[in-house]
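Just so it is clear, the values below take in all heavy atoms, side chains as well, and ignore hydrogens, waters and symmetry mates. Convention: sequence-line order gives letters A, B, ...; per-chain numbering from 1.
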Amino acid sequence: MTATTAATADAPPPGLRLPRRRGVELLLLAAAVLISVYGYVEVGLARHGTVPAGAARYGAGLAVLALLGHLAVRLRAPYADPLLLPIAVLLNGLGLVLIFRLDQETPKDQAAPTQLVWSAVGVALFIGVVALLRDYRVLQRYAYLSAAAALVLMIVPIFFPAVNGAKIWIRFAGFSIQPGEFAKILISVFFAAYLAANRHALAYTGRRLWRLQLPTGRVLGPIVAIWLVSVAVLVLERDLGTSLLFFGVFVVLLYAATGRTGWIAVGLLLAAVGAAVVGSLEPHVHSRVADWLHPFASIQRGEGASQLALSLFAFGAGGLLGTGLGQGHSALIGFAMKSDFILATAGEELGYAGLTALFLLYTLLVARGYRAGLAIREPFGRLLAVGLSSLLAIQVFVIAGGVMGLIPLTGMAMPFLAQGGSSVVTNWIMVALLIRISDRARRPRPARADTGVIARIVVPEEERGGSGHGGGRNGGGPR
Amino acid sequence: MIRHIRRTSAFCLLLLVLLLLNAARVQLLNEDEYAHNPANRRADLKRYNQPRGSIVVGGRSVTGSRDSGGSLRYARTYSQGPLYAPVTGYASQVYGTSLLENAEDELLSGTDPRLAPLPLWTALTREQQPAGDVVTTIDPALQRAAYEGLGGKKGAVAAVEPATGKVLALVSTPSYDPGELSGSGSGTTDAWTRLNASADRPMLNRALKETYPPGSTFKVVTAAAALEHGVVDDPDTATDTPSPYTLPGTATRLTNEAGGCQNASLRRAFEVSCNTVFAHLGVDVGLDDMAETAEKFGFNDDRLTIPSRVVESTFDTDMNDAQLALSSIGQYDTAATPLQMAMVAAAVANHGDLRRPYLVERLTDAHGDTLARTRPRRLHRAMSEDTAERLRELMTGVVTRGTGTKAAIPGATVGGKTGTAQHGVGNSGTPYAWFLSWAQADGAERPAVAVAVVVEDAAADRDDISGGGNAAPVARAVMQAALDR
């Protein structure tokens with residue numbers, strides 16, 4: 001079904017009424033809800049031999065959320081990609097199942113109900129974005145406001161006490177919020193808007209140094225400054241996962257916008273220098289790298305297993321098909337098992353097969369985001385879609401690679417799966433933005449009134465006009 | 001721009017491929033290594049996550065499981081711990097397993113691949129199978145008769161069915177309750193310390209794991225060797241043996257407890273247990289032939305399992321004649337487990353055909369379906385049928401008119417051999433009393449049982465110790481129980 005949907009959505013025959021695929025979406029949503037409920041029931045059966053008491057309520061809750069999301073899309077973004085919402089619902093549902101499953105090990109700390117509330121908040125914001133943000137291009141106007149807001153969001157937690165060594169939380173009235181999560185979207189919007197406006201200046205102006213084309217300081221200055229500030233803030237907050245994430249998205253977008261391979265080289269060089277400096281100066285990071293290189297060294301030293309070792313044990317115990325939901329011992333990981341290490345539970349209880357399915361779900365989500373980006377015809381939308389999608393992809397890679405010993409472990413939330421309100425809300429907003437972009441991408445052009453489009457693609461300054469004043473002011477003049 | 005976006009999407013795809021390859025490395029390639037890492041508690045958790053399988057004696061389980069509520073959830077219980085400890089061993093969360101609990105651990109803990117509905121099923125699904133049961137060959141009546149017969153004295157009893165090799169009783173006293181070692185609390189560690197510190201060594205399985213000098217009971221083997229190798233043709237002709245007998249190449253004079261051993265016939269010497277005659281016979285047979293016969297009875301075999309491992313019984317193969325003479329009366333460094341001596345009696349009773357002893361009748365899955373059954377097998381042909389027939393007569397004579405009259409049972413043919421073994425430096429230790437015997441009901445086709453009893457009765461007056469006095473009544477009780485089956 002997926003394949004046919006993709007094929008037909010790919011190449012809309014011009015002039016025909018485009019299929020909206022909302023029925024397909026509804027069907028997939030029903031499947032996503034059923035799979036999640038099935039997982040919920042399976043946990044109950046495996047742990048207590050009975051269907052858990054809340055199964056119906058949980059199923060109904062998830063179904064209502066899915067249905068509301070669907071209605072919003074059907075009414076306000078009828079041409080949106082039909083896979084985005086169901087994948088988000090399925091991942092969120094599976095995340096709730098995994099958290100509910102881990103709740104069985106910690107009777108005093110029930111995280112699933114809270115997470116369901118946060119999911120509801122996320123879906124509400126999703127609906128809000130889908131319904132109210134008629135044209136995502138207005139975001140371009142707020143590029144610098146976004147950057148400023150992102151910086152504020154990242155700086156604020158410095159004034160709150162550190163939690164587990166990382167100053168990324170603000171707490172009030174019993175709630176704890178991770179503002180850095182929201183900053184991700186804002187930073188992506190800024191990167192996309194800025195690069196959309198300045199990509200030609202970046203690509204073609206400036207001095208040549210050996211084989212490297214250096215842009216003028218006027219063009220490069222703001223973006224490097226903001227990047228440096230955000231990285232500095234993150235190092236101060238010791239949230240290296242997010243730092244790595246921003247850097248990855250920055251490089252990807254820079255390359256996508258300018259096509260200069262030299263930038264990648266500079267980016268990698270910067271990353272290497274940064275990693276070396278941080279790795280040697282920060283004992284916190286240093287120990288993470290040591291753990292990554294020798295995950296079992298602490299066992300040999302008789303100091304007990306490191307968290308990475310415990311995580312690897314969990315994955316290993318899963319084997320090909322897993323132990324079955326509720327039947328593994330991933331709770332041995334203990335600290336952060338419901339958040340950073342949630343994937344270990346999936347790996348142990350669903351096995352390599354289940355993990356592959358999960359990764360493919362993420363891949364599909366990313367691919368649909370990219371598809372929307374490729375189908376849209378103006379650079380801001382393109383870069384925003386690519387930015388959000390690669391943000392998702394890199395985030396999955398950094399955390400999954402971290403808990404599985406592929407790269408040094410950095411604390412970060414597995415999108416949609418992990419416990420954490422800010423994260424799940426942010427992810428829903430990201431999916432809402434992708435929905436908006438894909439809706440525009442697949443919508444039949446209104447009477448092709450905007451005939452200037454073709455010309456604008458060839459002439460750079462025309463395109464600048466279409467991309468809002470935020471970037472336009474700062475971009476170099478036409479060359 | 002489109003081209004570059006496609007390239008970045010390829011980069012994202014590369015990240016996915018890396019993740020999948022790494023997941024395969026962790027979950028499919030390294031999983032075995034992770035599973036065996038000492039810091040990985042999964043194996044322990046899984047093992048104790050379900051009730052352990054039962055060990056069945058006489059159709060009833062003598063073991064159970066209790067839910068401890070801890071993370072190592074099910075702890076072992078034993079319904080008659082001290083009685084069956086030499087059979088079951090212990091299964092402890094802290095100290096591991098021993099004996100049958102150890103030998104059949106995979107089945108009892110549910111990891112045995114035979115428990116799975118299909119081959120490779122557990123490897124694929126990680127599903128834990130309900131544990132299987134171990135059905136033993138032990139007969140509760142014999143076990144109890146032996147246990148009560150020893151009555152708390154230090155000693156051991158092994159009884160086998162001669163025609164099959166089934167181990168019918170396996171008792172070691174003083175015993176202990178293996179249930180004390182189950183669980184993981186401080187009570188467990190205390191019990192472990194106390195049991196290990198005890199001078200009586202209650203956790204030692206004397207029937208399988210301890211060797212004793214067999215003393216005069218080894219004369220059965222020496223007699224078999226003499227008959228097999230043609231040193232004695234007729235048990236009733238006089239042997240050319242002085243009394244006392246001076247050990248070859250030494251000035252040591254070997255004496256007898258009994259009278260009338262001068263040039264005694266094999267029959268006479270066997271019935272009253274003349275040391276001189278058998279020491280002399282052993283030297284006449286020669287070291288190689290003596291060792292060969294001993295090995296056919298099961299000596300010098302360190303690989304015997306029933307499936308609990310049986311400690312090797314030894315007959316030295318590098319001795320001078322004086323040492324050989326002493327070894328031929330079960331002294332010097334000849335040493336045997338009670339089970340080994342029961343096998344000697346069984347070989348005689350079963351016409352020279354020594355069956356491989358076994359303790360496990362069959363293994364079943366949780367539903368009681370048989371997974372494996374032990375088939376009786378020959379271990380060795382210990383001697384010819386003719387020799388066996390003569391030895392049966394000799395052993396019967398011991399019970400009817402010799403040193404073992406206390407073992408006689410009306411209505412049955414009983415053969416026996418007493419033994420009193422010296423040990424310790426300069427034979428200063430309290431001697432061990434031995435009795436080995438077999439019984440066959442009149443009119444029955446096959447012998448019912450072969451028994452070996454050893455009593456290391458430190459409390460008894462040295463002169464009172466003799467196999468006939470201390471050990472024979474225990475053997476008699478066990479044989480009576482076997483004849484009543």
Side-chain angles (χ1 to χ4, degrees), chain A residues 199 252-253 255-260 296 298-299 304-306 309-324 327-329 332 347-348 351-352 355-356 359-360 362-363 366-367 370-371 373-374 379 382-383 385-386 389-390 392-394 396-398 400-401 404-407, chain B residues 1-50 69-73 110-111 116 118 120-130:
Chain A
R199 61 201 177 94
V252 164
L253 280 184
Y255 176 75
T258 64
R260 311 298 281 194
F296 304 120
S298 64
I299 297 168
S306 65
L310 292 172
S311 172
L312 288 175
F313 291 160
F315 280 106
L320 184 61
L321 295 182
T323 58
Q327 296 172 58
H329 296 291
L332 291 173
E348 174 160 7
Y352 183 66
L355 207 57
T356 305
F359 286 152
L360 287 179
Y362 283 114
T363 310
V366 172
Y370 263 94
R371 191 166 290 281
L374 286 169
R382 237 177 220 172
L383 290 177
V386 169
S389 305
S390 47
L392 205 64
I394 296 172
V396 169
F397 178 77
V398 167
M404 301 187 78
L406 181 59
I407 57 172
Chain B
M1 196 172 186
I2 287 192
R3 190 159 44 103
H4 303 141
I5 290 180
R6 286 197 190 284
R7 282 191 191 147
T8 58
S9 74
F11 167 71
C12 292
L13 200 65
L14 175 74
L15 294 186
L16 169 82
V17 171
L18 285 177
L19 279 184
L20 287 180
L21 286 177
N22 183 56
R25 172 185 74 93
V26 170
Q27 298 201 269
L28 308 180
L29 223 62
N30 289 356
E31 54 113 352
D32 211 44
E33 177 196 330
Y34 296 158
H36 291 105
N37 191 298
N40 193 346
R41 294 184 62 221
R42 277 177 182 71
D44 283 346
L45 290 173
K46 188 172 173 184
R47 170 188 178 82
Y48 298 107
N49 192 36
Q50 66 179 7
S71 61
L72 303 177
R73 195 165 158 203
T111 55
L118 293 168
L120 294 177
W121 181 263
T122 37
L124 201 62
T125 63
R126 304 299 158 106
E127 207 173 61
Q128 199 182 2
Q129 301 298 326

Engineer: Go through the atoms of A/L406 and report whether side chain, backbone, both or neither lie under 4.5 Å from a heavy atom of chain B.
Structural biologist: both
Engineer: Kindly give the heavy-atom pair with the smallest separation between A/S390 and A/Y370, and that separation in Å.
Structural biologist: CB-OH, 3.8 Å
Engineer: Please state whether the side chain, the backbone, both or neither of B/L28 comes within less than 4.5 Å of a heavy atom of chain A.
Structural biologist: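 The side chain, not the backbone.
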Engineer: Is A/A314 close to chain B through its backbone or its side chain, or both, or neither, when contacts mean heavy atoms under 4.5 Å?
Structural biologist: both
Engineer: Heavy-atom pairs under 4.5 Å with chain A are the metric here; pick the option from B/L13, B/L29, B/D32, B/N37 that has the most.
Structural biologist: B/N37
Engineer: Is there side-chain contact between A/I407 and A/F397, with heavy atoms separated by less than 4.5 Å?
Structural biologist: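 Counting from C-beta outward, A/I407 and A/F397 do come under 4.5 Å.
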Engineer: Can you name the closest pair of heavy atoms from B/R25 and A/G405 and give their distance?
Structural biologist: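 Closest approach of B/R25 to A/G405, heavy atoms only: NH2-O, 3.7 Å.
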Engineer: Of the backbone (N, CA, C, O) and the side chain (C-beta and beyond), which part of B/R3 lies under 4.5 Å from a heavy atom of chain A, both, or neither?
Structural biologist: neither
Engineer: Using non-hydrogen atoms and a 4.5 Å limit, figure out which bit of B/L18 sits close to chain A: side chain, backbone, both or neither.
Structural biologist: both
Engineer: Which bit of A/Y362 is near chain B, if near means a heavy-atom gap under 4.5 Å: side chain, backbone, both or neither?
Structural biologist: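 Contact with chain B is absent: no heavy atom of A/Y362 under 4.5 Å.
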Engineer: Just jot down the side-chain hydrogen bond (donor to acceptor under 3.5 Å, both in side chains) partners of B/R41, sequence neighbours excluded, or say none.
Structural biologist: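 B/R41 satisfies side-chain hydrogen bond (donor to acceptor under 3.5 Å, both in side chains) with B/S71 only.
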Engineer: Measuring heavy-atom distances to chain A, does B/A23 have an atom under 4.5 Å in its side chain, in its backbone, in both, or in neither?
Structural biologist: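 Both the backbone and the side chain of B/A23 come within 4.5 Å of chain A.
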Engineer: Under the side-chain hydrogen bond (donor to acceptor under 3.5 Å, both in side chains) rule, collect the residues that match up with B/R42, sequence neighbours excluded.
Structural biologist: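 Checked B/R42 against side-chain hydrogen bond (donor to acceptor under 3.5 Å, both in side chains); matches are A/E348, B/N40.
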Engineer: With a 4.5 Å cut-off on heavy-atom pairs, point out which of A/L355, A/L312, A/L383, A/T363 contacts chain B the most.
Structural biologist: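 Looking at each of A/L355, A/L312, A/L383, A/T363 in turn, A/L312 comes out on top.
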Engineer: Which answer fits B/I2, side chain, backbone, both or neither, if we ask what part of it has an atom under 4.5 Å from a heavy atom of chain A?
Structural biologist: both
Engineer: At a 4.5 Å cut-off on heavy atoms, which part of A/V252 comes close to chain B: side chain, backbone, both, or neither?
Structural biologist: both
Engineer: Can you check whether A/G322's main-chain N or O pairs, donor with acceptor, with A/Q327's side chain at less than 3.5 Å?
Structural biologist: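 Side chain of A/Q327 to backbone of A/G322, a donor-acceptor pair under 3.5 Å: no, none is there.
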Engineer: Between A/S298 and chain B, which part of the residue has a heavy atom less than 4.5 Å away: side chain, backbone, both or neither?
Structural biologist: neither
Engineer: Do side-chain atoms of B/Q129 reach the backbone of B/A116 as a donor and acceptor pair under 3.5 angstrom?
Structural biologist: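 Absent.
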Engineer: If every non-hydrogen atom of B/L19 is compared with every non-hydrogen atom of A/G401, which pair is closest and at what distance?
Structural biologist: CD2-N, 3.6 Å
Engineer: So which of A/V396, A/L392, A/V398 actually passes side chain to side chain contact (heavy atoms under 4.5 Å, CB included) with A/I394?
Structural biologist: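 Result for side chain to side chain contact (heavy atoms under 4.5 Å, CB included) with A/I394: A/V398.
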Engineer: Which atoms of A/Y352 come close to chain B, meaning under 4.5 Å heavy atom to heavy atom: side chain ones, backbone ones, both, or neither?
Structural biologist: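 It is both, since atoms from each part get that close.
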